[in-house]
Amino acid sequence: MVHNFNAGPGILPQAVLEQAARAILNIDDTGLSILEIGHRTPLFEGILHKAVSLVKELMNLDADHEVLFLHGGASTQFMQVPMNLLNTNETAAYIDNGIWGSKAIKEAKLFGNVDVVASSADKNHTYITKTFSVPHNAKYLHYTTNNTVEGTQWQHIPESNGVSLVADMSSDIFSRELNFNAFDLIYAGAQKNMGAAGVNLLVVNKNILGKVDRKLPTIMDYRNHIANGSMLNTPPVFAIYVSMLTLQWLKDLGGVKVMEAINDEKASFFYDTLDSLPQFTGPVAREDRSKMNAVFVMKDPGLEKLFIDYCKSLNLYGIKGHRSVGGFRVSLYNALPLSSVQVVCDAMKAFASQHG
Ligand SMILES: *Cc1c(COP(=O)(O)O)cnc(C)c1O
């Protein structure tokens with residue numbers, strides 16, 4: 001029995017893995033592999049259609065919001081978003097709460113002006129910036145809902161002063177209820193909470209498109225993907241299939257609301273344990289703690305390697321913190337069962353009592 005706390009690609013439901021494994025050999029009793037069927041076959045069109053309708057249902061999207069499955073990870077969206085939305089002489093507002101947001105800012109500057117309206121860089125991104133103002137003439141406000149590396153998470157939708165909201169939800173998509181229709185654009189790489197690496201979910205309000213002057217390469221223009229139903233060219237067939245299975249798993253579980261209650265329970269269990277052990281400490285402001293990626297360190301850094309080794313001996317995988325932050329990170333994604341959280345907490349308690 002292993003416990004998978006990897007930050008990304010991360011844990012997937014066991015039932016999804018089993019079904020995906022079967023489909024690699026023989027999908028739907030066709031005798032063919034999911035890897036060797038045409039993307040324009042009724043079989044794959046059915047899979048894609050189902051994936052799209054599950055997203056619409058689970059996110060409660062209105063008719064203006066289109067759902068696309070695109071190539072490339074979230075990093076591609078760092079440039080594709082401003083390319084589609086921002087004219088050279090216009091300004092977009094960005095919140096810089098961590099590594100991923102900073103990367104998005106860097107790319108946006110290639111296409112127009114960027115106004116960094118808030119940054120938590122002064123405290124190593126260990127908190128969420130809540131007081132700032134967005135100029136009403138900004139083209140959009142971009143932020144990262146959950147900071148995967150730093151372990152912070154927005155607990156509410158930021159006040160955007162009427163400006164269009166754009167969010168990178170790569171690491172907390174489908175983990176909690178939100179008014180998704182409040183966003184004009186949402187993107188998320190699949191490999192944290194939705195499926196296998198290689199596909200990106202994009203939800204876009206179609207009314208915001210077609211307003212930039214620049215010429216867009218065909219494959220970069222969201223409108224072409226909408227017109228072709230995510231089949232402008234060969235889509236990442238297998239990655240979409242795994243996303244569809246994971247979304248179906250989520251729906252069968254009861255949807256995002258039920259998932260949120262489970263995630264709340266897992267996060268409380270973890271953070272309560274963390275706070276009860278003086279040997280461990282979390283650098284993140286309590287109210288901004290992520291329910292998806294819990295970042296923590298040891299008061300005595302000299303013990304960190306020992307703890308990692310101890311976790312390895314217990315088959316706890318992916319505990320090591322991001323190389324830029326150090327310490328530890330426990331990812332509590334949707335597919336991680338509460339029992340795994342209990343196991344890592346027991347390990348922390350046992351380790352703490354040995355090194356009291
Ligand atoms: C992982 C991650 C990314 C990058 O995803 P890629 O698929 O590697 O491009 C971007 N944003 C957030 C919030 C992430 O967690």
Side-chain angles (χ1 to χ4, degrees), residues 4-12 68-83 92 94-108 110 116 118-121 125-129 140-155 157-158 165-176 178 180 183 185-203 219-220 235-236 238-240 242-243 246 263 267 284 288-295 318 320-325 329-336:
N4 182 353
F5 301 98
N6 280 317
I11 185 168
L12 287 169
L68 297 174
F69 285 92
L70 302 177
H71 291 270
S75 304
T76 307
Q77 295 312 312
F78 294 163
M79 72 76 186
Q80 201 170 352
V81 165
M83 185 189 271
Y94 275 72
I95 296 176
D96 174 18
N97 280 162
I99 280 191
W100 296 118
S102 312
K103 290 188 191 235
I105 289 167
K106 175 168 177 255
E107 299 303 297
L110 298 170
V116 179
S119 169
S120 48
H125 301 302
T126 51
Y127 71 107
I128 291 289
T129 43
Y140 59 83
L141 171 68
H142 178 284
Y143 78 111
T144 314
T145 48
N146 181 71
N147 295 289
T148 327
V149 171
E150 297 81 3
T152 63
Q153 185 175 28
W154 277 87
Q155 309 300 342
I157 298 177
L165 272 169
V166 173
D168 175 358
M169 296 196 187
S170 294
S171 52
D172 67 353
I173 189 103
F174 300 116
S175 71
R176 57 173 173 175
L178 274 183
F180 296 104
F183 296 84
L185 194 148
I186 294 167
Y187 60 94
Q191 72 272 20
K192 310 283 169 49
N193 227 2
M194 195 183 77
V199 71
N200 209 21
L201 172 68
L202 192 100
V203 173
I219 201 160
M220 286 294 135
F238 185 65
I240 292 174
V242 176
S243 289
T246 311
N263 286 334
V284 169
D288 301 326
R289 283 172 164 177
S290 167
K291 290 176 181 162
M292 292 283 101
N293 311 96
V295 167
K320 206 171 183 325
H322 188 269
R323 59 189 183 282
S324 67
V325 174
R329 173 173 51 176
V330 166
S331 294
L332 309 169
Y333 295 133
N334 284 357
L336 186 86

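Both ligands and their constituent atoms are indexed starting at 1 by order of listing. What you see is a predicted model; the values in this text were computed from it and never measured. What's counted below: heavy atoms across the whole structure, side chains too, no hydrogens, waters or symmetry copies.
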_Any donor-acceptor N or O pair under 3.5 Å, side chains D172, Y333_ =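 There is no such pair between these side chains.
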_Quick one about S175 and N193 (side-chain donor to acceptor, distance below 3.5 Å, no hydrogens or angles considered), yes or no?_
no
Atoms of ligand 1, numbered as shown, that sit under 4.0 Å from any heavy atom of [X]:
{"X": "T144", "result": "13 (C)"}
{"X": "F78", "result": "10 (C)"}
{"X": "T148", "result": "12 (C), 13 (C), 14 (C), 15 (O)"}

*asked:* With side-chain contact (heavy atoms from CB on, under 4.5 Å) as the test, pick out the partner of M169 among N146, T144, I186, L201.
replied: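 Passing option: I186.
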*How many angstroms lie between atom CE of M292 and atom CD1 of I173, to the nearest 0.5 angstrom?*
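Between M292 CE and I173 CD1, I get 11.5 Å after rounding to 0.5 Å.
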_Heavy-atom check, side chain of L336 versus side chain of F5, under 4.5 Å_ =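 Yes. Closest side-chain heavy atoms under 4.5 Å.
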*So do the side chains of V203 and F180 get within less than 4.5 Å of each other, counting heavy atoms only?*
no
*Any N/O of N146 closer than 3.5 Å to an N/O of ligand 1?*
no
*Are any of the N/O atoms in S75 less than 3.5 Å from those in ligand 1?*
yes
*Using non-hydrogen atoms of the residue, decide whether Q191 is closer than 4.0 angstrom to ligand 1.*
yes
*Check D96, N147, N97 against S120 for a side chain to side chain donor-acceptor pair (under 3.5 Å) and give me the one that passes.*
N97
*Distance to 0.1 Å, residue and atom name: give those for the protein heavy atom nearest to atom 11 (N) of ligand 1.*
D168 OD2, 2.6 Å
_For atom 2 (C) of ligand 1, the protein heavy atom that lies nearest, with its residue and separation_ =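 Protein heavy atom with the smallest distance to atom 2 (C) of ligand 1: K192 NZ, 2.6 Å.
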*Taking the minimum heavy-atom distance to atom 10 (C) of ligand 1, which of A74, G189, G198 ranks first?*
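Selected option, by shortest heavy-atom distance: A74.
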